[in-house]
Every structure is written in C-alpha cells, then in structure tokens.
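Below: one structure, written as structure tokens.
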Amino acid sequence: MPELPEVEVTRRRIEPLLVGRRIRRLETTGQSYFFLTQPARLKRRLKGRTVECLERVGKYLVLLLDDGGRLVIHLGMTGQLFGAGASSLRLLSATARAALTPEQQQSFRPDAHTHLRFRFDDDGPAVFLRDVRKFGKVLWLAPGEAHPRLERLGVDALSVTGDLLFGASRKRDTAVKSFLLDQSIVAGIGNIYADEALHLAKLRPTRRARRLTRAECEKLAEALRGVLERSIETGGSSIRDYVTPDGSDGGFQDERRVYARKGEPCCTCGTAVRRIVVGQRSTHYCASCQR
DNA sequence: ACCGCACCCTGAGCGC
DNA sequence: TGCGCTCAGGGTGCGG
C-alpha cells in the first residue's frame with residue numbers, strides 16, 4: 001500500500017493521536033519477522049514513554065520518545081496505522097466482514113493481523129497498527145543508535161532534483177523504472193508513483209537509466225515532486241488496503257493516469273494503457289506518449 | 001559496484 | 001462449493 005504520500009498523510013493525521021501522549025502499555029501479536037525488535041523488548045522499552053514527535057524518512061515513520069529512543073515503523077505492503085475511532089471496510093477481511101452485522105462493522109475490533117495496540121495514560125483513543133501480509137516492520141532504537149535501514153536511504157523524494165537523478169543514473173544499466181524504486185537513490189517512490197511520474201515525464205519505463213538526458217532528468221524530478229505533492233493533498237491512494245488514520249479513503253486513486261489502468265485509454269492521447277513487468281514489478285505506461 | 005532473482009506472508013479474484 | 005492458479009502499492013539477501 002503505502003508509498004511516500006500515504007506515509008506522509010498517515011504521519012500528519014496520526015500525529016495528534018501520538019504526540020504528547022504517554023504510553024501506558026503496548027500490546028502485540030507473537031514473535032514474527034514483522035518484529036525486528038522482539039515483542040517483549042518492545043513492550044518494555046515503550047512502557048511509560050511519551051511520544052515527543054513523529055517524523056517521516058522515505059516510507060518510514062519514526063516516533064521520537066522522551067528518553068531519546070526511537071520507534072521505527074515501516075508499513076510494508078498492507079500496513080495500516082489508525083486510531084480507535086476509525087471505521088472502514090478496508091480494516092476487515094471479506095470473511096470477517098461476512099460474519100459481522102453492519103453495526104459491528106462500524107467499530108474496529110483488533111484481529112490476528114493487529115500487531116501493535118498502543119494504550120495511553122489519558123484513557124483516550126488507542127492507536128493500532130494492522131498488517132495482513134506482515135511485510136511491514138517495527139524496530140526500537142536506543143538513543144543515538146543507527147540502523148542500516150535508515151542509513152541506506154537516499155534523498156527524500158519530495159526534494160529530488162534533476163541534477164541528483166542525472167548524477168546518480170550515469171552508471172546505472174537498469175530500467176529507469178527500477179532505478180526509481182531504488183530507495184538508496186531517492187527514498188519514498190513506490191510502484192504507483194514511479195509509473196505515474198514516468199507518464200507525466202513522457203518516459204518509457206524500460207529506458208536505461210544511464211541514457212537519460214539532463215533535460216529528461218529535470219522533467220522527471222519535476223514530475224515526481226508534482227505527483228507526490230498532489231497525492232498528499234488528496235489524501236494518498238486507496239486502491240486496496242490503504243486507509244487514513246481516521247478510516248477514510250484517500251483521493252488520489254481517482255487521479256491515476258496509468259497505474260492499474262491496463263486496457264483503459266491514456267488520458268492524454270486515448271491509446272490503451274499497457275501493462276508489462278519490469279524488475280518483477282507490474283508496470284503501466286502509454287506506448288504512444290512514452291517513448 | 002551492480003543486476004536479476006527468490007523469498008518473506010495472507011487474501012482476493014478468477015477460471016474450471 | 002471448492003480447488004488451484006495469479007496477482008498485490010515493499011524490502012532484503014544472495015549468487016553471478
């Protein structure tokens with residue numbers, strides 16, 4: 001689900017539900033590779049801590065704690081971070097949904113996929129982290145502790161420049177699409193926004209990165225920043241699992257130009273959008289607009 | 001240094 | 001109704 005815009009919208013909207021609140025206790029599911037820090041250790045480290053601020057780095061959320069420790073969260077493909085008041089069918093599997101009355105579907109009840117539940121001293125709304133596929137990650141870092149997951153990240157996609165893309169791509173003998181998904185170059189771009197930006201910049205996703213001209217890199221950087229900012233404005237893309245922290249859908253799925261629009265007409269020229277596979281990821285483009 | 005691939009996991013949707 | 005298949009917005013680690 002979540003790429004930079006979805007993570008940023010989540011950050012902004014979950015902030016009031018986290019910052020300034022003291023964690024009374026954390027409840028978790030059992031050990032799995034979702035937990036880079038063991039659940040028992042996580043509970044000990046977070047108990048009694050107050051969240052001082054909430055930051056985003058690429059697709060990661062970082063909670064700064066009052067003892068200088070940090071809680072790092074990655075939402076993976078299906079991660080959902082939301083408050084107790086959230087109501088959305090996206091928070092239920094189809095089978096679970098079928099077993100519930102419409103009234104019951106309104107209030108979220110933690111299920112087997114709800115890996116974190118934050119309870120606070122103020123007895124206000126709890127905060128949940130749900131992740132069906134468990135591709136997400138949680139990790140606690142001691143004060144000052146570094147971690148390769150964060151260290152490796154390149155420049156944040158919202159401030160990408162043409163110069164940076166041009167410089168970084170010179171020796172890259174790979175498709176520009178794959179290049180954009182490399183988080184160590186630019187952090188925050190995922191499959192949706194890579195396809196969308198390449199369409200805006202009129203670049204074929206299979207173009208070798210090293211063959212891009214300076215002007216094309218400039219156009220691509222502009223397209224990336226534009227599409228990411230626009231998606232944040234509209235609340236992100238709710239295509240499958242993504243919901244904002246209050247349970248509402250984002251709006252950017254209605255503004256997609258190519259992503260998951262195979263066979264539908266290109267918004268600029270009417271040619272049917274094609275779907276191919278590039279670097280094991282589904283890729284959508286207009287063969288007429290993108291050369 | 002870089003590239004492509006396998007893999008981690010669960011659920012939805014499809015054809016038969 | 002159920003089975004088996006494909007697909008899904010992410011990232012790491014491996015061998016070549």
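In what follows, every heavy atom counts, from backbone to side chain, and hydrogens, waters and symmetry copies are set aside. First the proteins, then the strands, lettered A, B, ... as listed; each starts at 1. Keep in mind it's a predicted model, so treat the numbers as computed, not measured.
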Rounded distance in Å - CZ (A:F179) to P (B:dC3): 10 Å
Exercise: do A:D111 and A:T114 side chains pair donor with acceptor under 3.5 Å: yes
Sugar-phosphate, base or nothing in reach of A:K137, heavy atoms under 4.0 Å: nothing
Nucleotide nearest A:T174 (side chain, heavy atoms from C-beta), chosen from C:dG10, C:dA8, B:dC3: B:dC3
Sugar-phosphate only, base, or nothing, as touched by A:R152 at under 4.0 Å among non-hydrogen atoms: sugar-phosphate
P atoms of B:dC5 and C:dC7, separation to the nearest Å: 15 Å
A:F135-B:dC9 aromatic stacking (under 5.5 Å, under 30°): no
Distance, rounded to the nearest Å, where A:F34 contributes CZ and C:dT12 contributes P: 15 Å
Watson-Crick or G-U wobble partner of B:dC9, both distances under 3.5 Å: none
Whole angstrom value for the distance that separates P of C:dG11 from CG of A:N191: 11 Å
Partner nucleotide of C:dT1 by Watson-Crick or wobble geometry (both distances under 3.5 Å): none
Parallel, tilted or perpendicular: rings of A:F120 and A:F118 (30°, 60°): parallel
Touch class at under 4.0 angstrom, heavy-atom based, for A:D131 against every strand present: nothing
Plane angle bin for A:F128 and A:F82 - parallel if under 30°, tilted between 30 and 60°, otherwise perpendicular: tilted
A:E196 (side chain) donor-acceptor with A:Y193 (main chain) under 3.5 angstrom: no
Interatomic distance where CZ belongs to A:R149 and C1' belongs to C:dG13 [whole Å]: 11 Å
Whole-Å gap separating P (B:dG11) and NZ (A:K134): 10 Å
